[in-house]
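Notes for the one structure printed next.
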Amino acid sequence: MVRIVAIGLVGMLLTLLVRPYRSDLATLCAMATGAIVLLSVLGQATELLTELARISEQFHVDATLFTTMLKITGIAYIAEFGIQACKDAGEGAIASKIELGAKILLLAMCVPIVQQILALLASLLP
């Protein structure tokens, strides 16, 4: 976590130093900082996915359900990154459109899960 905060602070300082002279480069610096932070946690994310897959197999979780849950999580994180990048660039309107698109995609991804839950409930009822 210290490394992530350090990267963020260095990126913030560079962005603040560059902004008065070149606002376009400041935006790129802020976006690059975000990308570096994401790349720095990629190894831990891989380990987390491996562990979640192991737990899924251990408890016999349906592979389709597990994959759908991972896709939903991925959509949420990617959307949040895009939204924050747009806001950093001063493009709140585009950020709002990304947010709406992500919500629609997330809702669509939830439909099969709701169907499985309803099927399970129906099988339990007499």
(message) Salt bridge check, K103 against E99: does any charged N sit closer than 4.0 Å to a carboxylate O?
(response) yes

Distance (rounded to the nearest 0.5 Å) between [X] [atom1] and [Y] [atom2]:
X: K71; Y: T64; atom1: NZ; atom2: OG1; result: 9.0 Å
X: L120; Y: L125; atom1: CG; atom2: CG; result: 9.5 Å
X: I78; Y: L105; atom1: CD1; atom2: CG; result: 10.5 Å
X: F59; Y: R54; atom1: CZ; atom2: CZ; result: 8.0 Å

So which heavy atom on [X] is nearest to which on [Y], and how close?
X: I75; Y: A102; answer: CG2-O, 4.3 Å
X: S40; Y: I4; answer: OG-CG1, 4.1 Å
X: A26; Y: R19; answer: CB-CA, 3.6 Å
X: A30; Y: T15; answer: N-OG1, 3.6 Å
X: A79; Y: I98; answer: O-CG2, 4.0 Å
X: L106; Y: I72; answer: CD2-O, 3.4 Å

(request) Using modelled atom types only, decide if a donor and an acceptor are shared between the side chain of T33 and the backbone of C29 within a distance under 3.5 Å. (result) yes

(request) Report the C-alpha distance between D88 and M31 in whole Å, list the side-chain angles of each, state the deciding distance to 0.1 Å, and finish with yes or no for side chain to side chain contact (heavy atoms under 4.5 Å, CB included). (result) CA-CA 8 Å; D88 288 345; M31 293 176 72; 5.9 Å; no

